[in-house]
Amino acid sequence: MGVRIPIDPRSELDYIDIIKGQLGSEEVVMIIDQNNNQSFTDDSLFSPPPIDWYSSKNSIPITFLVSNGVDTTQQQSWIRIGSWNGEIIYGSDEHLAALITIDDKIFEFGVIDQPLSGYFTYGLNPEIALLSSQSDQNDPVNIRDLIKMDEDLKLNRVYYKFDSINNDGSILRLIKEETFDKKTGTQVGMYASEFEFRSAAGDTVNTLNLHDKPLIIANTCACGGDTKSSQAYFEIKEAYQANAYVLRLDSFSENLSDKWTINMDDEFNKNADIAYRRKYCSRVCFVIGKNQRILDKFLITDWKTNLPEALRH
């Protein structure tokens with residue numbers, strides 16, 4: 001069986017060719033046209049191993065054509081392909097890297113676009129992170145370090161808005177930002193977005209009235225049978241409810257009735273969803289200080305590492 005994996009969701013012209021078959025009665029084997037020469041005669045047969053999304057050990061180098069928005073160019077990258085629950089799945093195994101010099105200082109960036117992880121293009125929902133500078137190494141990258149389009153990077157004590165990136169990631173645009181301290185949003189250091197919500201218990205509350213103590217907004221989700229994010233919420237609530245407000249934004253969980261739980265399927269809570277969830281299966285935790293600024297954000301299951309330090313500020 002032959003398939004064509006698209007390089008770009010907006011183009012049918014750019015693709016990678018793959019043949020899948022069997023040796024004997026059981027072993028699944030594949031061939032990838034790695035050099036994009038429309039031939040499999042110079043490519044190797046392989047049996048796809050179990051997929052491991054956290055390792056590049058079995059990633060395969062490939063060559064392909066992709067549009068940069070003006071011209072079609074040849075590029076090279078890696079594809080990760082393997083078996084999972086009896087199926088063959090794949091994804092691109094790359095992130096962009098860029099070096100930028102500002103006032104004689106060199107900064108290294110990485111860019112990803114998670115919603116396009118099966119493609120080799122950028123621009124749907126890209127995120128940029130500072131990986132290192134001449135004086136600092138930012139490794140590993142955490143959620144707080146990922147900057148979305150129209151959010152701001154701090155470089156050399158100056159903020160720059162992540163303005164745009166073109167289709168193949170070859171052109172990145174940053175614009176100097178003069179008003180970060182006045183902005184409202186979910187970046188660390190910004191004023192927190194406020195919203196009114198109706199809790200699962202039926203109470204209507206505005207977050208403007210919750211700033212006499214720190215405010216913790218914890219996203220949980222039972223999607224895929226997950227129980228860890230909900231368990232983390234209950235642990236946070238038990239540890240901090242005396243000294244902070246702990247709100248839970250949830251989807252999929254059953255029997256929601258807590259006065260501080262917000263059912264994200266309730267249309268009344270749309271503004272909370274826009275401000276602090278943005279996707280159905282979110283597990284991000286936000287910490288907001290009494291000064292109404294975002295102190296930190298991280299995966300809720302990492303709260304024991306991050307939350308005590310955030311609340312010390």
Side-chain angles (χ1 to χ4, degrees), residues 5-11 14 16 51-56 58-60 62 64 66-69 75 77-82 84 87-98 108-131 138-153 161-174 185-188 217-224 226 228-229 249 251-252 264 273-286 294 296-302 306:
I5 294 178
I7 297 298
D8 184 343
R10 292 155 292 225
S11 172
D14 308 321
I16 301 168
I51 198 83
D52 182 357
W53 294 118
Y54 301 99
S55 170
S56 296
N58 296 314
S59 292
I60 299 170
I62 55 170
F64 52 84
V66 62
S67 170
N68 59 19
Q75 292 195 10
S77 189
W78 293 264
I79 189 171
R80 187 178 292 158
I81 190 165
W84 184 74
E87 301 291 335
I88 302 298
I89 59 176
Y90 75 94
S92 59
D93 186 21
E94 71 168 31
H95 72 270
L96 295 179
E108 181 185 7
F109 300 96
V111 181
I112 59 173
D113 200 330
Q114 295 187 64
L116 291 176
S117 59
Y119 303 96
F120 293 87
T121 53
Y122 296 82
L124 180 61
N125 191 21
E127 296 174 294
I128 189 171
L130 177 63
L131 301 179
N138 190 14
D139 189 28
V141 174
N142 295 301
I143 285 179
R144 71 176 68 87
D145 304 314
L146 291 172
I147 306 301
K148 299 179 183 297
M149 194 86 78
D150 293 326
E151 293 185 338
D152 302 312
L153 281 161
K161 183 178 74 171
F162 178 22
D163 181 72
S164 62
I165 186 169
N166 71 336
N167 190 57
D168 70 345
S170 59
I171 300 175
L172 172 69
R173 187 181 185 196
L174 303 178
T186 56
Q187 275 193 261
V188 174
I217 298 178
N219 277 290
T220 65
C221 184
C223 179
D226 171 49
K228 292 182 179 180
S229 61
L249 279 58
S251 296
F252 285 118
M264 302 316 294
D273 181 78
I274 293 172
Y276 291 100
R277 197 163 179 89
R278 298 189 184 185
K279 58 184 180 180
Y280 208 58
C281 298
S282 177
R283 294 171 178 84
V284 177
C285 186
F286 299 87
I294 304 289
D296 202 358
K297 60 181 178 181
F298 45 83
L299 282 177
I300 188 172
T301 47
D302 294 336
N306 297 284

K.L.:
Tell me the closest heavy-atom pair linking Pro6 and Tyr119, and the distance in Å.
P.N.:
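That would be O-CD2, 3.4 Å.
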K.L.:
For Pro126 and Leu124, work out which heavy atoms get closest and say how close.
P.N.:
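Shortest heavy-atom separation between Pro126 and Leu124 comes out as CD-C, 3.6 Å.
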K.L.:
Once side-chain hydrogen bond (donor to acceptor under 3.5 Å, both in side chains) is applied, do any residues pair with Tyr122, and if so which ones, sequence neighbours excluded?
P.N.:
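Result, side-chain hydrogen bond (donor to acceptor under 3.5 Å, both in side chains) vs Tyr122: Glu94.
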K.L.:
So how far is it from Asp145 CG to Leu153 CG, rounded to the nearest 0.5 Å?
P.N.:
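Going from CG on Asp145 over to CG on Leu153, the span is 10.0 Å.
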K.L.:
Any chance you could lay out the side chain to side chain contact (heavy atoms under 4.5 Å, CB included) test for Ile5 and Ile79, step after step, and finish with the verdict?
P.N.:
CA-CA 11 Å; Ile5 294 178; Ile79 189 171; 4.0 Å; yes
K.L.:
Let me confirm one number: the CE-OG1 distance from Met264 to Thr220, rounded to the nearest 0.5 Å.
P.N.:
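Here the rounded value is 10.0 Å.
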K.L.:
Check whether any side-chain heavy atom of Ile51 sits under 4.5 Å from a side-chain heavy atom of Arg80, and report yes or no.
P.N.:
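Counting from C-beta outward, Ile51 and Arg80 do come under 4.5 Å.
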K.L.:
With rounding to the nearest 0.5 Å, note down the distance linking CD1 in Ile128 to CG in Leu172.
P.N.:
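Output value for this atom pair is 4.5 Å.
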K.L.:
On a heavy-atom basis, which atom in Asn166 and which in Asn68 lie closest, and how many Å separate them?
P.N.:
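Distance-wise, the nearest heavy atoms are ND2-O, 3.3 Å.
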K.L.:
So which atom in Ala129 and which in Val141 form the shortest heavy-atom distance, rounded to 0.1 Å?
P.N.:
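Ala129 and Val141 have their closest heavy atoms at CB-CG1, 3.8 Å.
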K.L.:
Step by step, work out the side chain to side chain contact (heavy atoms under 4.5 Å, CB included) result for Lys161 and Asp150.
P.N.:
CA-CA 6 Å; Lys161 183 178 74 171; Asp150 293 326; 4.1 Å; yes
K.L.:
In Å and rounded to the nearest 0.5 Å, what is the CD1 to CZ distance from Ile147 to Phe109?
P.N.:
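Rounded to the nearest 0.5 Å, the CD1-CZ separation comes to 10.5 Å.
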K.L.:
Measure up the Phe120 and Phe64 rings against each other and bin them: parallel (under 30°), tilted (30 to 60°), perpendicular (over 60°).
P.N.:
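Rings of Phe120 and Phe64: tilted, as their planes differ by 30° to 60°.
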K.L.:
Look up atom OG in Ser92 and atom CG in Asp113, then write down how far apart they are to the nearest 0.5 Å.
P.N.:
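Separation between the atoms: 9.5 Å.
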K.L.:
Atom CZ of residue position Arg173 - does it have more than 12 heavy atoms of other residues, nucleotides or ligands inside 6.0 Å?
P.N.:
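For Arg173, atom CZ is not crowded (no more than 12 foreign heavy atoms under 6.0 Å).
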K.L.:
Checking Gln75 side chain against Val66 main chain: does a donor-acceptor pair fall under 3.5 Å?
P.N.:
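Looks like no, no N/O pair under 3.5 Å.
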K.L.:
Can you see which heavy atom on Leu116 is nearest to which on Pro9, and at what distance?
P.N.:
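Closest approach of Leu116 to Pro9, heavy atoms only: CD2-CG, 3.8 Å.
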K.L.:
Which of these, Asn219, Asp302, Asp226, Thr301, sits in a side-chain hydrogen bond (donor to acceptor under 3.5 Å, both in side chains) with Arg283?
P.N.:
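Answer after filtering Asn219, Asp302, Asp226, Thr301: Asp226.
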K.L.:
As a quick check of understanding, evaluate side chain to side chain contact (heavy atoms under 4.5 Å, CB included) for Leu146 and Glu151, giving each step before the final call.
P.N.:
CA-CA 9 Å; Leu146 291 172; Glu151 293 185 338; over 6 Å; no
K.L.:
Under a 4.5 Å cut-off applied to non-hydrogen side-chain atoms, are Asn58 and Asp52 in contact?
P.N.:
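Side-chain contact under 4.5 Å: no.
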K.L.:
Once side-chain hydrogen bond (donor to acceptor under 3.5 Å, both in side chains) is applied, do any residues pair with Lys228, and if so which ones, sequence neighbours excluded?
P.N.:
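Not a single residue meets the side-chain hydrogen bond (donor to acceptor under 3.5 Å, both in side chains) criterion with Lys228.
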K.L.:
Considering only heavy atoms from C-beta outward, does the side chain of Arg277 approach that of Cys221 to under 4.5 Å?
P.N.:
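The answer is yes; the side chains approach within 4.5 Å.
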K.L.:
Can you find a side-chain donor-acceptor pair between Ser56 and Asp93 that sits under 3.5 Å?
P.N.:
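The answer is yes; a qualifying pair exists.
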K.L.:
Can you tell me how far CG of Asp296 sits from CZ of Arg144, rounded to the nearest 0.5 angstrom?
P.N.:
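The distance works out to 4.0 Å.
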K.L.:
If every non-hydrogen atom of Arg10 is compared with every non-hydrogen atom of Asn167, which pair is closest and at what distance?
P.N.:
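For Arg10 versus Asn167, the nearest heavy atoms are NH2-OD1, 2.5 Å.
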K.L.:
Partners of Asp273 by salt bridge (Lys or Arg N to Asp or Glu O under 4.0 Å), sequence neighbours excluded?
P.N.:
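Residues passing salt bridge (Lys or Arg N to Asp or Glu O under 4.0 Å) with Asp273: none at all.
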K.L.:
Can you confirm whether Ser282 sits close enough to Tyr276 that some side-chain heavy atom of one is under 4.5 Å from a side-chain heavy atom of the other?
P.N.:
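Side chain of Ser282 against side chain of Tyr276, heavy atoms only: no contact under 4.5 Å found.
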